Every structure is written in structure tokens, then in C-alpha cells.
Number of protein chains: 2
Amino acid sequence: MDKKIKRPLPKCGIDYAFQRIGGKYKGRILWRLRAGTLRYGELRKTVTGVTSKMLTQALRELEDDGLISRKVYVEVPPKVEYTLTETGKELLPFLSLLRDWAKEQMLINQVEAMPGRS
Amino acid sequence: MDKKIKRPLPKCGIDYAFQRIGGKYKGRILWRLRAGTLRYGELRKTVTGVTSKMLTQALRELEDDGLISRKVYVEVPPKVEYTLTETGKELLPFLSLLRDWAKEQMLINQVEAMPGRS
DNA sequence: CGGGATCCACTACGATACTG
DNA sequence: CAGTATCGTAGTGGATCCCG
């Protein structure tokens with residue numbers, strides 16, 4: 001109990017941000033939600049490699065930090081939808097640019113790894 | 001030996017980027033280098049809380065990924081300078097935006113944590 | 001001064017099983 | 001369907017000592 005006492009609130013903004021969107025899956029979760037609402041099961045399929053435990057944990061932290069909202073439909077079978085909050089959406093331009101940068105780097109590294117290519 | 005086989009090169013750009021600039025100190029290291037060259041000891045002082053082991057490790061990875069350059073002056077006492085590469089500099093706008101976002105969030109969370117404040 | 005080497009703690013992460 | 005519980009692993013980070 002009292003699971004709330006986590007992540008010690010750093011003074012540095014860069015640090016603060018990385019604690020919120022860092023980790024193994026949070027970036028990809030946010031990115032997948034850019035187009036709109038997704039259900040838990042849909043996230044599990046599109047965020048490849050994630051286990052239900054890690055997905056749940058990441059989603060809970062993102063929710064606690066106000067980056068996504070969680071809507072539960074009380075029905076059978078259960079249905080839970082996740083959506084970016086306004087605060088979460090503010091991160092999209094950042095993620096988009098970061099992704100462009102990464103794409104470029106991945107290409108360069110690929111070329112460098114090719115033998116016999118000048 | 002063969003320490004190079006690390007970080008399995010993800011297909012997703014977001015993942016790729018976070019593996020490069022994620023971790024506990026990389027973000028702050030890059031951010032500190034935004035103003036220009038810094039020596040190893042200067043980084044140790046300004047990146048608060050970092051140990052020499054972790055600083056060295058982070059700097060090596062950043063160097064391997066082409067985000068910073070390392071210049072060794074062969075003299076006594078030794079002197080090593082670290083500088084952002086062009087690729088590394090490309091990340092500065094993102095880090096800057098991320099930091100602005102974080103600053104805002106930190107303020108909001110601070111207000112929410114204040115009792116008796118409307 | 002700028003590290004490397006070693007040992008150890010912690011926790012992030014993963015596999016599996018189970019549930020309302 | 002959307003989780004929770006439990007256990008085990010692996011990687012990350014820290015303390016300390018040593019070196020050119």
C-alpha cells in the first residue's frame with residue numbers, strides 16, 4: 001500500500017521528462033495513441049513485445065502523470081479505452097521530431113554497417 | 001571483448017531514439033553540453049549525482065552513437081574534452097521543447113501538491 | 001585528471017498462472 | 001477482455017579501490 005511514493009521528483013526538467021516518458025514502452029505507447037483512442041488489447045498487439053504486466057504498469061504511470069486518460073466501460077466483456085490527454089498530446093510534436101531524427105540515424109548506421117560500400 | 005554487441009537495433013524510431021538518449025544521465029549530459037565543450041571533471045560536477053563509472057559509460061555510448069566527440073589532450077595532468085557532434089546538436093531543439101514541457105508540468109504538480117491553495 | 005576494475009544492491013523487466 | 005499475483009532473471013546503477 002501507498003504505492004504512490006515513487007519517482008523522486010527531480011529538479012532538472014530534462015530528468016523529470018525522461019522519468020515520465022522514458023522506460024521501455026512508454027514512448028511507443030504514446031506514439032501509438034497519437035491517432036486516437038485505443039483499447040487495452042489493441043495496445044498489446046501494436047506495442048510489439050510488451051507483456052500485459054508491463055503494459056498495465058506503463059499505462060498506470062502514464063495515467064498518474066496525466067498523460068493519458070483511462071475510460072472503463074462496465075459491461076461484459078470488459079472494455080477499457082486509453083486516450084491521450086491534452087498534456088499528453090503536447091508531447092506529440094516532440095515524439096514526431098525525435099522519430100524523424102531516429103529514422104535518419106538508422107539509415108546512416110545501416111549504410112555504415114554495409115561492407116564494400118564507400 | 002566484443003562489447004559492441006549491445007542494444008538490438010529496434011525497428012521503431014521512437015524506440016531507437018530512446019535507447020540513444022534514454023538512461024539516467026544521457027539527457028542531462030547532452031543538455032549540459034549545449035553551450036559548448038566541457039571537460040570530464042566539469043561534467044562530473046554539473047551532472048549532479050553521477051558517479052565516474054556511470055559518467056564514463058554514458059559518454060562512451062554517446063560517443064559510439066555519434067552524438068558527442070571526445071578529444072584527448074596527451075599531457076600531464078590529463079585533459080579530455082567532450083563536445084556535441086552535428087548529430088548531437090540536432091537533438092537540442094527537442095531537448096529544449098521537452099524541458100519546457102517538463103517545467104510546466106512540474107509547476108502544475110507543485111500547485112496540486114499544495115494544500116489550501118485554490 | 002580521467003578513468004578502469006571489482007563487487008554488490010536494486011529494480012526493471014519477463015514468463016507463467018490465475019481471475020472478475 | 002483486461003487485468004492481478006508470483007516468482008525468477010538480467011541489466012542498470014552505486015561504492016570503493018586502483019592506475020597511468
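As the structure is a prediction and not an experimental result, all values here were calculated from the model. Side-chain atoms are counted along with the backbone in the values below, which use heavy atoms only and exclude waters and symmetry mates. Proteins get letters first, then strands, A, B, ... in listed order; numbering begins at 1 in each.
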Please list, by residue number, the residues of residues 34-47 of chain B whose heavy atoms come closer than 4.0 Å to an atom of DNA chain C; answer none if no residue qualifies.
Arg39(B), Tyr40(B), Gly41(B)

Working for side-chain hydrogen bond (donor to acceptor under 3.5 Å, both in side chains), residues Arg28(B) and Thr46(B):
CA-CA 9 Å; Arg28(B) 268 155 74 203; Thr46(B) 54; over 6 Å; no

Per atom distances to the Met54(B) side chain, the nearest of dT4(D), dG13(D), dA15(D) is dG13(D)

Keeping the roles fixed (side chain from Ser96(A), backbone from Leu92(A)), state whether a donor-acceptor pair exists under 3.5 Å.
no

Figure out the NZ/P separation between Lys24(B) and dC10(C), and round it to whole Å.
13 Å

For atom CD1 of Ile29(B) and atom P of dG13(D), their distance in whole Å
11 Å

With no hydrogens and no angle check, is any side-chain donor or acceptor of Glu42(A) less than 3.5 Å from a backbone partner on Arg39(A)?
yes

Any Tyr40(A) side-chain heavy atom under 4.5 Å of Leu55(A) side chain
yes

Got Lys71(B) and Val80(B) here, is their nearest side-chain heavy-atom distance under 4.5 Å?
no

When only distance counts, do a donor and an acceptor, one from the side chain of Thr56(A) and one from the base of dT4(D), lie under 3.5 Å apart?
no

With the side chain counted from C-beta on, respond yes when Thr37(A) and Tyr82(A) share a heavy-atom pair under 4.5 Å apart, and no when they do not.
no

In terms of side-chain geometry, is the basic nitrogen of Glu86(A) or Lys89(A) positioned less than 4.0 Å from the acidic oxygen of its partner?
yes

Has the side chain of Ser69(B) got a donor or acceptor atom that lies under 3.5 Å from a matching backbone atom of Thr85(B)?
no

If each of Tyr25(A) and Ser52(A) is mapped to the nucleotide of DNA chain C with the nearest heavy atom, which maps nearer the 5' terminus, i.e. the 5' end?
Tyr25(A)

Measure CZ/Arg60(A) against C1'/dT4(D) and give the value in whole Å, please.
10 Å

Any side-chain heavy-atom pair of Ile21(B) and Phe94(B) under 4.5 Å:
no

For Glu63(A) and dA2(D), what is the distance between atoms CD and P respectively, to the nearest whole Å?
15 Å

Of residues 67-85 of chain B, the positions that come close to DNA chain C - non-hydrogen atoms, cut-off under 4.0 Å
Arg70(B), Pro77(B), Pro78(B), Lys79(B), Val80(B), Tyr82(B)

Rounded to the nearest angstrom, tell me the gap between atom CD in Gln57(B) and atom C1' in dG13(D).
8 Å

For atom CZ of Phe18(A) and atom C1' of dG13(D), their distance in whole Å:
17 Å

In whole Å, what is the span from the NZ atom of Lys53(A) to the P atom of dA15(C)?
11 Å

